[in-house]
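Have a look at the structure below before the remarks.
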Amino acid sequence: MPSLISDTEKSNLTGIFNDIFDTFKRDIVVHKEPKRVVDSINTAAIFGYGDPSSSVNYTYVPQSGTYEATIRYDMDQATERLGDIPQKVSVGHVYIKVQEACKNYINKGKTEKITFDNKSYKIISEDANKSFLDSKFFVYRLEATK
């Protein structure tokens with residue numbers, strides 16, 4: 001079946017769309033649930049090996065990754081004062097557009113927060129596929145954490 005866009009034109013248009021992403025991209029940090037690592041097995045808590053002990057024999061190792069994304073803030077961002085805090089906090093939604101590697105990292109396991117612009121955000125949507133010809137991008141809707 002013939003196409004209205006030739007392979008050369010498709011390649012050029014896809015390249016332009018990827019150049020736009022590369023021009024406006026910024027780094028975001030995706031924080032995952034920490035990994036629990038057992039240091040040693042505490043045999044004192046096992047029946048027959050003495051009295052149980054309350055020593056902690058595990059540690060949590062932070063899991064995070066830095067990825068590139070374009071960031072779009074809602075036009076109707078409002079500010080709200082939180083209790084006695086003198087500064088106001090932005091209230092509204094933020095959208096990030098990411099590539100497939102970042103989407104896979106976000107969707108694998110539990111994502112606790114995403115940080116950029118010295119603020120933390122939580123994901124409040126599923127990924128939305130925003131493809132253009134041969135380029136694939138995914139959009140998430142975020143909300144500032146308080």
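Bear in mind that the values here come from a model prediction, so they are computed numbers and not experimental data. One is the number of the first residue; the rest follow in order along the sequence.
The closest side-chain heavy-atom distance from Pro34 to Glu112 is below 4.5 Å. Annotation: side chain of Ile114 is not in contact with side chain of Val29 (no heavy-atom distance under 4.5 Å). The side-chain heavy atoms of Glu100 and Phe138, taken from C-beta on, include a pair separated by under 4.5 Å. Looking only at side-chain heavy atoms (C-beta outward), Val98 and Glu68 stay at 4.5 Å or farther from each other.
A search for ring pair (Phe, Tyr, Trp, His ring centres under 6.0 Å) contacts involving Tyr67 returns Tyr105, not counting sequence neighbours.
Under a 4.0 Å N-O distance rule, the pair Glu143/Lys122 qualifies as a salt bridge.
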- Between His93 and Ile124, does a side chain to side chain contact (heavy atoms under 4.5 Å, CB included) hold up when you go through it step by step? CA-CA 9 Å; His93 296 113; Ile124 59 169; 3.3 Å; yes
- Test log, rule side chain to side chain contact (heavy atoms under 4.5 Å, CB included), inputs Thr145 and Tyr121: CA-CA 5 Å; Thr145 57; Tyr121 300 89; 5.7 Å; no
- So Asn107 and Tyr140, side chain to side chain contact (heavy atoms under 4.5 Å, CB included) or not? Walk me through it. CA-CA 11 Å; Asn107 291 347; Tyr140 289 92; 2.9 Å; yes
- Thr70 and Arg26: CA distance, side-chain angles, deciding distance, side chain to side chain contact (heavy atoms under 4.5 Å, CB included) verdict: CA-CA 6 Å; Thr70 58; Arg26 300 188 323 196; over 6 Å; no
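By the criterion of side-chain heavy atoms lying less than 4.5 angstrom apart, applied directly or through intervening Ile, Leu, Val, Met, Phe, Trp or Tyr residues, Phe17 is grouped together with Leu133 in one hydrophobic cluster.
A donor-acceptor distance shorter than 3.5 angstrom exists from the side chain of Thr23 to the backbone of Asp19, with no hydrogens or angles considered. In this structure, the side chain of Lys108 does not engage the main chain of Lys103 through any donor-acceptor pair within 3.5 Å.
Annotation: the span from Ile96 atom CD1 to Lys25 atom NZ amounts to 15.0 Å, rounded to 0.5 Å. Going from atom CD of Gln99 over to atom NZ of Lys136 covers 13.0 Å, rounded to the nearest 0.5 Å. Here the straight-line distance linking atom CD1 of Ile20 with atom OG of Ser135 works out to 9.5 Å at 0.5 Å rounding. Note that the CG atom of Leu142 and the CD1 atom of Ile28 stand 7.5 Å from one another [nearest 0.5 Å]. Atom CG of Asn104 is separated from atom CD1 of Ile106 by 9.5 Å, given to the nearest 0.5 angstrom.
Under a cut-off of 6.0 angstrom, the local environment of CG in Asp7 is sparse, with at most 12 non-hydrogen atoms contributed by other residues, nucleotides or ligands.
Here the closest non-hydrogen pair linking Ala69 and Phe21 is CA-CZ, 4.0 Å. Nearest heavy atoms, Arg141 versus Ser125: N-OG, 2.9 Å.
Residue Val139 is found in a hydrophobic cluster whose other members, listed by chain and number, are Tyr95; membership requires side-chain heavy atoms under 4.5 Å apart, directly or through intermediates. Other cluster members for Val37: Val61, joined by side-chain heavy-atom distances under 4.5 Å among Ile, Leu, Val, Met, Phe, Trp and Tyr.
Between His31 and Thr115, the side chains place a donor N or O and an acceptor N or O closer than 3.5 Å (distance only, hydrogens not considered).
Cation-pi contact between Lys130 and Phe137: absent, since separation from the ring centre below 6.0 Å together with deviation from the ring axis within 45° is not met.
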